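See structure below.
Here the structure is a predicted model, which is why all the values come from computation and not from measurement. In what follows, residues are counted from 1 in the order of the sequence shown.
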Amino acid sequence: MTNENNSMLNASNFYQPDLISVNGVILEVFEAGKQNAGKPIVLCHGFPEHAFSWRHQVPPLVAAGYHVIIPNQRGYGNSSSPTEVTDYDIDHLTGDLVALLDYFGYEDATFVGHDWGANVVWSLALLHPERVNKIINLALPYQERGERPWIEFMEAIFGGDFYFVHFNRQPGVADAIMNENASRFLRNIFRKNVPPTPPEPGMLMINLARAEKPLGEPLMEDNELSVFVSAFESSGFAGSINWYRNLDRNWHLMADITPIIHQPTLMIYGEQDTIPKSENLKNIVPNLDIVSLECGHWIQQEKPEETTQSILKWLEQQNA
């Protein structure tokens with residue numbers, strides 16, 4: 001175990017994971033600050049990420065007195081990747097987190113999510129509100145459920161090449177291309193200071209997997225990127241993409257849920273992120289604070305110190 005007060009963790013000194021059986025799957029779970037038992041905080045990564053995405057935040061959270069739990073969620077890393085697409089619906093994804101709390105003996109926890117992880121945390125707060133005491137979400141505000149299922153809605157607006165739609169309408173195509181080009185795809189997607197460019201024809205994720213020259217600047221050092229590359233070369237991308245293939249199923253599953261989130265919530269946006277801010281978030285999350293950082297989508301990796309300080313400051317205020 002590395003020194004938990006060290007503010008930087010890299011590929012060579014990140015925490016050793018445990019393989020934990022929960023909710024019918026095995027989750028690869030990284031853990032730090034066991035000495036802080038009783039004050040859990042669960043960090044939930046997005047796509048195409050890994051528990052390692054939170055490496056900058058873990059030591060300061062431990063130093064602040066938290067028991068930090070960082071799962072590779074199903075379909076990622078050495079966690080289970082079921083073959084059935086429906087095994088990645090929102091009931092299963094939130095169920096994994098509930099079962100993780102049960103495993104550690106916690107009634108509730110603070111949950112932090114980025115990108116797809118934020119979507120799961122929003123849903124967890126609605127489906128299992130008693131298990132969530134505070135929310136910190138990055139990049140993705142709560143997505144209001146419309147009158148049409150998500151993929152039908154997105155196809156009508158963005159067309160068949162939009163990657164959410166493509167993943168659903170052409171199953172297996174993108175998975176195979178991304179698997180063949182895992183290293184290039186991850187090198188090309190994990191960038192910062194990417195200049196705004198008009199959308200090019202074709203499917204974004206496939207284009208990224210094939211692009212010879214990435215835009216912007218590298219988000220991380222090569223030895224850090226190697227953690228992601230190694231993980232996806234082992235797991236493949238099908239499991240993580242299957243999260244997208246349940247958007248319409250989730251739309252139906254959440255039909256009778258009233259979308260009001262009562263937990264104290266911090267929303268952290270990247271000013272240069274292509275995901276738009278929500279104008280109505282306060283209506284859904286009345287107990288809301290918002291922070292905006294001058295960065296793109298990969299907030300906690302792009303602006304690690306600012307992200308960590310925003311989180312710690314807000315938690316301190318909430319716990320006062």
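Between K39 and G65 the shortest heavy-atom distance is CD-O, 3.3 Å. Here the closest heavy-atom approach between residue E49 and residue H114 is recorded as OE1-ND1, 2.7 Å. Contact between V42 and A109 at its shortest, heavy atoms only, is CG2-CB, 4.1 Å. Minimum heavy-atom separation, P259 to Y142: CB-OH, 3.5 Å. Residue I177 comes nearest to A209 through the heavy atom pair CG2-CB, 4.0 Å, listed as atom of the first residue, atom of the second, then distance. In plain terms, the two heavy atoms of I268 and S310 that are nearest each other are CD1-CB, 4.3 Å.
Between the T265 side chain and the Q263 main chain, a donor and an acceptor come within less than 3.5 Å of each other. Remark: side-chain polar atoms of R245 are not paired, donor with acceptor, to backbone N or O of V85 under 3.5 angstrom. Panel note: side chain N250, backbone I90; a donor-acceptor pair is recorded below 3.5 Å. Using modelled atom types, no side-chain atom of D18 and backbone atom of I20 make a donor-acceptor pair closer than 3.5 Å. The backbone N or O of I189 lies less than 3.5 Å from a partner atom in the side chain of W298, making a donor-acceptor pair. No donor-acceptor pair closer than 3.5 Å links the side chain of S240 to the backbone N or O of P48. At distances below 3.5 Å, at least one donor-acceptor pair connects side-chain atoms of W251 with backbone N or O atoms of R148. Put simply, the side chain of Y269 never gets that close to the backbone of L293: no donor and acceptor are under 3.5 Å apart. Between the side chain of N242 and the backbone N or O of E84, no donor-acceptor pair lies under 3.5 Å. In this structure, N179 contributes its side chain and F237 its backbone to a donor-acceptor pair below 3.5 Å.
A distance of 4.5 Å separates OG in S79 from CG in L27, rounded to the nearest 0.5 Å. Rounding to the nearest 0.5 Å places CH2 of W122 at 8.5 Å from CD1 of I284. Note that CZ of F162 is 8.5 Å distant from CD1 of I151, once rounded to the nearest 0.5 Å. Taking CZ of F30 as the reference point, atom CD1 of I69 lies at 14.0 Å (rounded to 0.5 Å). To the nearest 0.5 Å, the span separating OG on S53 from CD on E224 amounts to 10.5 Å. Rounding to the nearest 0.5 Å gives a distance of 8.0 Å between OG1 of T94 and CG of D89.
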Item checked: Working for side chain to side chain contact (heavy atoms under 4.5 Å, CB included), residues E31 and F104 -> CA-CA 11 Å; E31 187 186 358; F104 285 107; 3.5 Å; yes
Margin query: The test is side chain to side chain contact (heavy atoms under 4.5 Å, CB included); show your working for N119 and W243 and say whether it passes.
Written below: CA-CA 11 Å; N119 188 51; W243 291 37; over 6 Å; no
Next item on the list: Kindly determine whether V98 and L127 satisfy side chain to side chain contact (heavy atoms under 4.5 Å, CB included), including the steps that lead there.
Entry: CA-CA 10 Å; V98 169; L127 294 170; over 6 Å; no
Note to self: Please determine whether side chain to side chain contact (heavy atoms under 4.5 Å, CB included) holds for the pair N188 and R210, giving the CA-CA distance in whole Å, both sets of side-chain angles, and the decisive distance to 0.1 Å.
What the structure shows: CA-CA 9 Å; N188 289 348; R210 289 174 166 164; over 6 Å; no
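You'll find the ring centres of F158 and F164 outside the 6.0 Å limit.
Few gaps surround CD on E294; more than 12 heavy atoms of other groups in view lie less than 6.0 Å from it. Counting heavy atoms of neighbouring residues, nucleotides and ligands inside a 6.0 Å radius, atom CD of E217 exceeds 12 of them. Applying the 6.0 Å contact sphere to CG of D222 captures no more than 12 heavy atoms from other residues, nucleotides or ligands. The 12-atom threshold is exceeded at CZ of R184, counting heavy atoms of other residues, nucleotides or ligands nearer than 6.0 Å. Sparse packing is recorded around CD of E305, with 12 or fewer heavy atoms of other residues, nucleotides or ligands lying under 6.0 Å away.
The aromatic rings of F52 and H50 lie perpendicular to each other, with more than 60° between the two planes, well past the 30° mark. Note: F190 and F228 have tilted aromatic rings, judged against thresholds of 30 and 60 degrees for the angle between ring planes. Under the 30°/60° scheme for interplanar angles, the aromatic rings of F232 and Y76 are found to stand perpendicular. Below 30°, between 30° and 60°, or above 60°: for W116 and Y244 the angle between ring planes is above 60°, a perpendicular geometry.
Ion pairing of K277 with E271 is present here, as a side-chain N (NZ or NE/NH1/NH2) and a carboxylate O approach within less than 4.0 Å. Between D102 and R131 there is a salt bridge, with a side-chain nitrogen of the basic residue lying less than 4.0 Å from a carboxylate oxygen of the acidic one. Remark: D289 does not engage K313 in a salt bridge, criterion side-chain N to carboxylate O under 4.0 Å. In this structure, D96 pairs ionically with R74, as a charged nitrogen and a carboxylate oxygen lie closer than 4.0 Å.
The only member of V291, V112, I136, L138 that meets side chain to side chain contact (heavy atoms under 4.5 Å, CB included) when paired with T307 is L138.
Using a 4.5 Å heavy-atom cutoff, the side chains of I206 and H166 are in contact. Between L208 and R191, the closest side-chain pair of non-hydrogen atoms is not below 4.5 Å. In this structure, the side chains of Q73 and H45 come closer than 4.5 Å at one or more pairs of heavy atoms. Contact of the L315 side chain with the L266 side chain is not registered, since no non-hydrogen atoms from C-beta on lie closer than 4.5 Å. Contact of the E107 side chain with the N133 side chain is not registered, since no non-hydrogen atoms from C-beta on lie closer than 4.5 Å. In this structure, C44 and L97 have side chains that are in contact, with non-hydrogen atoms separated by less than 4.5 Å. A heavy-atom distance below 4.5 Å is not found between the side chains of N246 and H92. Within the 4.5 Å cutoff, the side chain of P201 has no heavy atoms near those of the D161 side chain.
Between the side chains of H297 and E302, not a single donor N or O lies within less than 3.5 Å of an accepting N or O. No hydrogens or angles considered: a donor-acceptor pair under 3.5 Å links the side chains of Q57 and T308.
Hydrophobic clustering, with ILVMFWY side chains joined whenever heavy atoms are under 4.5 angstrom apart, groups I257 together with I135. V194 and L204 fall into different hydrophobic clusters, where Ile, Leu, Val, Met, Phe, Trp and Tyr are joined by side-chain heavy atoms under 4.5 Å apart, directly or via other members. Under the 4.5 Å side-chain heavy-atom criterion for ILVMFWY residues, a single connected hydrophobic cluster contains both F47 and I299. The same ILVMFWY cluster, assembled from side-chain heavy atoms under 4.5 Å apart, contains both W54 and L93. If you chain together hydrophobic residues whose side chains sit under 4.5 Å apart, I275 and L215 never meet in one group.
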